[in-house]
Amino acid sequence: MKLLSFLWNWLDERLPVQRAWNTHMGKYYAPKNFNFWYFFGVLSLLVLVNQLLTGIWLTMSFEPSSDGAFASVEYIMRDVDYGWILRYMHSTGASAFFVVVYLHMFRGLLYGSYKAPRELVWLFGMAIYLALMAEAFLGYVLPWGQMSYWGAQVIISLFGAIPYIGDSIVEWVRGDYLISGITLNRFFALHVVAVPIVLLGLVVLHLLALHEVGSNNPDGIEIKKNKDENGIPLDGIPFHPYYTVHDLVPIVVFLFIFCFILFFMPEMGGYFIEHANFEIANPLKTPEHIAPVWYFTPYYSMLRAVPDKFMGFLVMAAAVAILFVLPWLDRSPVKSIRYKGKISRVAVVLFAVVFIILGVLGMKAPTPARTALAQVCTVMYFLYFLAMPFWTVREKTKPEPVRVTMDGGMGLWRSLGVLLIVIGLVVIPLKAVGASSNFDCGTIQCDAFEADPKDKASLQNGAQLFVNYCMGCHSAKYQRWERAADDMGVPHGMMMENLVFSGQKIGGLMGISMSEQSAKAWFGALPPDLTMATRARSAKWVYTYLRNFYADSSRPVGINNKVFADVGMPHALMDLQGLQGCAPGPVLASNGGIKVDPLTSEPLLDDPCGSYELLSEGTMSPEEFDGAVYDLVNFMAYMANPVEEESKRIGVYVLLFLAFLLIWVWLLNREYWKDVH
């Protein structure tokens with residue numbers, strides 16, 4: 001103990017560790033009435049640490065080149081021990097970061113945390129937001145998928161709208177005449193080194209500025225105005241241990257939600273990881289609908305709402321820039337929404353509604369109705385800020401209390417009521433303009449399909465069909481024969497004898513049976529890799545596609561497809577299914593769906609190819625063929641995401657542990673706070 005005491009004193013004399021601890025933790029007095037909205041600051045720090053740590057480990061296996069970036073991500077996902085957890089922690093963390101930051105910023109709007117004396121705290125926070133947007137955009141490009149490439153193409157090209165210097169800026173950002181490997185390399189350097197340093201520096205400044213003036217609270221009053229004889233705020237408590245213990249509860253709840261998404265739905269329906277990003281970047285193939293990841297879509301929606309490209313760019317930039325001047329726009333004599341007038345309360349709710357609607361519209365393909373709604377919401381977004389100086393000085397406010405209140409503000413039920421109002425105001429306009437002109441599977445609805453990676457017999461039969469009927473042209477070059485054999489329960493020797501092509505090894509990747517040069521010479525272009533086809537398109541899309549080939553004499557190969565119109569691929573499974581011909585009728589697919597007009601919902605009964613008739617029979621009955629296609633697509637779904645079952649298995653144990661931990665941190669928090677009133 002004497003030795004430890006000596007070492008501590010020696011260190012503290014040379015580095016003010018104790019003083020820093022007292023300033024920012026042990027003797028930093030925070031208001032004792034923090035509520036739900038004050039959780040998101042510490043959660044932002046938690047996610048920042050997650051991003052930094054997982055990012056460091058990911059860089060150890062990532063290759064920042066146009067030839068190797070996509071493959072290295074799949075190597076991390078498939079061949080690095082638990083690399084898929086690191087990748088999912090990072091990708092889920094990126095979206096989680098923006099969720100907690102947006103809620104953290106909204107809390108600032110609610111309680112006036114940007115008003116004097118906290119203007120500098122707000123400005124540093126907004127600088128963090130800008131750095132975070134830059135960091136997220138740079139990282140979004142690194143996986144080198146289709147949406148990464150084309151999203152970068154769209155965003156970078158916006159700078160070209162700037163008069164005189166726009167083209168030079170675009171070329172400077174790219175480092176080339178086109179987005180290429182050098183662009184990817186410099187984005188990697190900025191993402192892992194430059195921007196994180198700036199981000200960390202801004203976070204430190206944000207916290208230093210906050211602790212200099214003190215934290216705001218839901219009442220918006222300064223606790224430093226009421227102190228005891230020792231100079232301690234009457235309504236303040238030491239941040240440690242009270243809030244370090246108190247924050248453990250929301251941290252565990254957050255981790256529970258975070259891990260549920262991570263282990264059970266990491267793509268989040270295509271919002272956290274876009275389906276198009278499971279295809280390698282192809283400069284010659286433009287996606288049908290290009291949109292940035294969800295946290296950029298409110299501003300992207302504003303960009304598209306303006307017909308002129310340069311003016312749209314200015315509007316998008318102004319939407320972020322106007323947040324910086326918010327402290328000087330709000331002229332209300334009170335800070336908190338609790339004591340502001342009705343206009344402020346309605347305005348902040350409408351602002352949240354407008355921001356969410358713009359975000360949703362930015363993820364959807366534009367239509368005239370959607371564009372009109374985006375224009376209205378863009379005007380309302382700016383009107384919130386530009387009209388603020390006028391209504392805040394005229395509306396009637398309530399008097400602020402002398403001391404902080406502990407009644408919780410609106411309470412649970414009123415808060416739920418406001419939430420329901422917000423949901424209603426968001427859903428109704430979106431439903432009004434939400435009609436889409438496309439079905440899930442091209443001109444038809446997709447057939448029902450549910451993959452079952454636990455069905456080993458189905459996977460084994462699907463693997464045999466895949467090798468025999470697909471791999472004559474298509475590779476699966478991100479999956480290894482050995483991994484597939486082990487997961488399906490097939491001995492390596494049997495796999496080598498029956499499925500692995502000659503010249504390939506059990507530990508090698510599932511490459512095409514012919515050389516790439518021969519494939520290009522034979523087909524004119526290298527057929528696409530199918531490793532992740534079912535994640536890029538969805539398993540039900542692939543299942544419906546394989547069952548809907550039909551004879552069409554106008555096509556060079558004599559075959560067409562209802563799902564992928566005018567496809568150049570021949571019907572590889574025709575000897576199993578036979579050749580289908582068109583028969584007039586209302587039936588779209590074998591699931592019995594009736595074709596309807598997507599805008600009017602009226603049935604369309606004059607489809608010249610509404611159903612099929614067999615022109616020539618195959619070796620399988622229709623029922624047998626459906627089963628074979630199911631097995632094939634089931635194997636492809638497994639191959640696209642071989643860690644799915646392992647992820648769910650680990651996820652169950654992680655969630656059980658967090659649920660158990662939540663009980664103990666809640667009890668610990670209750671013990672510490674039982675005497676705080």
Side-chain angles (χ1 to χ4, degrees), residues 62-78 87 91 137-158 170 173-188 267 270 273-293 363 365 438 441-442 470-471 473-479 509-512 514-538 541-542 545 561 563-570 636 639-641:
F62 180 74
E63 182 182 336
S65 69
S66 57
D67 294 329
F70 189 85
S72 67
V73 172
E74 286 309 305
Y75 172 77
I76 292 169
M77 291 289 294
R78 297 165 188 270
R87 196 277 173 101
S91 61
F137 172 68
L138 295 168
Y140 181 65
V141 179
L142 298 186
W144 209 240
Q146 269 288 75
M147 198 57 71
S148 293
Y149 178 90
W150 288 99
Q153 185 78 283
V154 169
I155 298 302
I156 294 175
S157 67
L158 291 177
V170 169
V173 172
R174 289 172 177 163
D176 201 344
Y177 296 107
L178 299 170
I179 293 179
S180 63
I182 188 64
T183 313
L184 178 65
N185 211 318
R186 63 170 53 187
F187 277 23
F188 176 75
E267 300 167 26
I273 304 178
E274 291 92 335
H275 295 146
N277 259 0
F278 292 113
E279 293 182 66
I280 190 170
N282 184 353
L284 302 178
K285 179 185 175 183
T286 307
E288 182 179 355
H289 172 54
I290 301 174
V293 73
M363 291 184 281
N438 294 321
C441 287
C470 301
M471 291 193 72
C473 304
H474 301 275
S475 66
K477 62 185 179 183
Y478 304 111
Q479 174 77 345
L509 297 170
M510 297 172 64
I512 193 171
M514 67 174 73
S515 67
E516 292 189 3
Q517 293 79 6
S518 300
K520 289 179 180 179
W522 185 263
F523 298 109
L526 187 66
D529 180 84
L530 296 183
T531 311
M532 291 178 290
T534 58
R535 293 191 88 179
R537 289 285 191 175
S538 84
W541 188 98
V542 177
Y545 166 71
N561 192 281
V563 176
F564 197 151
D566 299 335
V567 64
M569 171 183 156
M636 293 176 66
M639 188 170 57
N641 187 16

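What you see is a predicted model; the values in this text were computed from it and never measured.
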Interatomic spacing from [atom1] in [X] to [atom2] in [Y] - rounded to 0.5 Å:
X	Y	atom1	atom2	result
Arg87	Arg78	CZ	CZ	10.5 Å
Phe564	Arg537	CZ	CZ	5.5 Å
Glu279	Ser148	CD	OG	12.0 Å
Ser157	Trp150	OG	CH2	10.0 Å
Ile290	Met147	CD1	CE	6.5 Å
Thr183	Leu138	OG1	CG	11.5 Å

Checklist entry - Are Ile179 and Trp144 close enough, and set up right, to give a side-chain contact (heavy atoms from CB on, under 4.5 Å), and what steps lead you there? => result CA-CA 11 Å; Ile179 293 179; Trp144 209 240; 3.7 Å; yes
Enumerate donor-acceptor pairs with a distance under 3.5 Å from any side-chain N or O in residues 526-534 to protein atoms, sequence neighbours excluded.
residue, atom, partner, partner atom, Å
Asp529, OD1, Ser475, OG, 2.8
Asp529, OD1, Ala476, N, 3.2
Asp529, OD1, Lys477, N, 2.6
Asp529, OD1, Thr531, OG1, 3.4
Asp529, OD2, Thr531, N, 2.9
Asp529, OD2, Thr531, OG1, 2.5
Thr531, OG1, Lys477, N, 3.3
Thr531, OG1, Tyr478, N, 3.4
Thr534, OG1, Met636, O, 3.2

Next on the checklist: Test of understanding: with salt bridge (charged side-chain N to carboxylate O under 4.0 Å, His left out), list the residues that count as partners of Glu63, not counting sequence neighbours.
Outcome noted: none
Do [X] and [Y] have side-chain heavy atoms sitting under 4.5 Å apart?
X	Y	answer
Ile156	Phe137	yes
His474	Ile512	no
Tyr545	Cys441	no
Tyr149	Asn282	no

Looking at every heavy atom in both [X] and [Y], which two are closest together, and how far apart are they?
X	Y	value
Leu142	Ala69	O-CB, 3.6 Å
Met510	Met471	O-CE, 3.6 Å
Ala152	Val141	CB-CG2, 3.7 Å

Checklist entry - His275 and Gln146: side-chain contact (heavy atoms from CB on, under 4.5 Å), yes or no, with the steps? => result CA-CA 9 Å; His275 295 146; Gln146 269 288 75; over 6 Å; no
Checklist entry - Considering residues at least two apart in sequence or located in another chain, which fulfil the side-chain hydrogen bond (donor to acceptor under 3.5 Å, both in side chains) criterion with Tyr140? => result Glu274
